[in-house]
J.: 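Input: one structure, supplied below.
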Amino acid sequence: MPYLGLIYLLILVVALIDIIKTDDAAVRGLPKFAWVVLVVMIPLAGALVWLAVGRPTADERPRRQSAAAGEFPEYDHPSRYIPRDPEADQEFLRQVRERAEQQRRTAREQQRAADRTDRTDDQGLPPTTT
């Protein structure tokens with residue numbers, strides 16, 4: 001009997017931590033805040049109801065693809081949409097990165113050109129081309 005209080009406390013803590021860590025969209029039955037209030041107000045019954053009814057099932061939890069997760073940091077976000085065609089998604093992400101790098105290069109070139117123009121305007125000399 002002396003461990004009954006410890007088991008009671010353990011169930012309460014596990015339920016509260018699980019509720020807090022669960023994604024808002026995956027919670028079933030009640031909003032996340034309502035589950036926390038229920039577990040705090042009616043500790044043992046609320047925790048057991050959460051564990052039986054409120055928790056997302058294994059089918060509802062997002063799955064991650066480990067091969068893509070290492071190659072693209074975009075996949076490291078929790079609850080990220082899982083593509084139906086991973087190869088097409090990887091190709092799309094490559095194209096996005098290439099386009100972003102091209103835009104960065106263009107911006108750097110424009111900045112250098114603007115800096116050269118500003119420098120020559122300050123000195124009163126004609127702009128130089130390299």
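Quick note: numbers below take in every heavy atom, side chains included, and nothing from hydrogens, waters or symmetry partners.
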J.: P56 and side chain to side chain contact (heavy atoms under 4.5 Å, CB included): which partner among T22, D23, D18?
T.: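 Of T22, D23, D18, side chain to side chain contact (heavy atoms under 4.5 Å, CB included) with P56 is met by T22 alone.
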
J.: If you define the side chain from C-beta out and look only at heavy atoms, does anything of L93 sit under 4.5 Å from R97?
T.: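 Answer no - side chains too far apart.
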
J.: With the side chain counted from C-beta on, respond yes when F33 and V27 share a heavy-atom pair under 4.5 Å apart, and no when they do not.
T.: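 A side-chain contact under 4.5 Å is absent here.
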
J.: Closer than 4.0 angstrom, basic N to acidic O: yes or no for E91 and R94?
T.: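 Looking at R94 together with E91, the answer is yes, because their closest N to O distance falls below 4.0 Å.
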
J.: What closest approach, in Å, do L12 and A47 show between heavy atoms, and which atom pair accounts for it?
T.: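 Nearest pair, atom of L12 first, then A47: CA-CB, 4.4 Å.
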
J.: E101: what forms a salt bridge (charged side-chain N to carboxylate O under 4.0 Å, His left out) with it, not counting sequence neighbours?
T.: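 Partners of E101 by the salt bridge (charged side-chain N to carboxylate O under 4.0 Å, His left out) criterion, ordered by chain and then number, come out as R104, R108.
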
J.: Starting from L10, can I reach L6 by hopping between I/L/V/M/F/W/Y residues whose side chains sit under 4.5 Å apart?
T.: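 In one cluster: no.
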
J.: With a 4.5 Å cut-off on side-chain heavy-atom distances among I, L, V, M, F, W and Y, is there a chain of contacts connecting V39 to V14?
T.: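 No, V39 and V14 fall in different hydrophobic clusters.
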
J.: Would you kindly confirm whether L51 and I20 end up in one hydrophobic cluster when ILVMFWY residues are joined by side chain heavy atoms under 4.5 Å apart?
T.: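 No; I20 is not reachable from L51 via cluster members.
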
J.: Given the rule that I, L, V, M, F, W and Y join up when any side-chain heavy atoms are under 4.5 Å apart, are V37 and V40 in one cluster?
T.: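 Per the 4.5 Å side-chain linkage, V37 and V40 are co-clustered.
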
J.: State, yes or no, whether a side-chain contact exists between L16 and W50 at a heavy-atom distance under 4.5 Å.
T.: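 L16 does not reach W50 side chain to side chain.
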
J.: Could you tell me if the side chain of Y8 sits less than 4.5 Å from the side chain of L44, heavy atoms only?
T.: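 Yes; the side chains approach each other to less than 4.5 Å.
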
J.: I'd like to know if the side chain of R99 pairs up with that of Q102 as donor and acceptor (distance under 3.5 Å, no hydrogens or angles considered).
T.: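 On atom types as modelled, these side chains do not qualify, holding no pair under 3.5 Å.
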
J.: Excluding sequence neighbours, so at least two apart, what forms salt bridge (charged side-chain N to carboxylate O under 4.0 Å, His left out) with D24?
T.: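 In terms of salt bridge (charged side-chain N to carboxylate O under 4.0 Å, His left out), with neighbours along the sequence ignored, D24 is linked to K32.
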
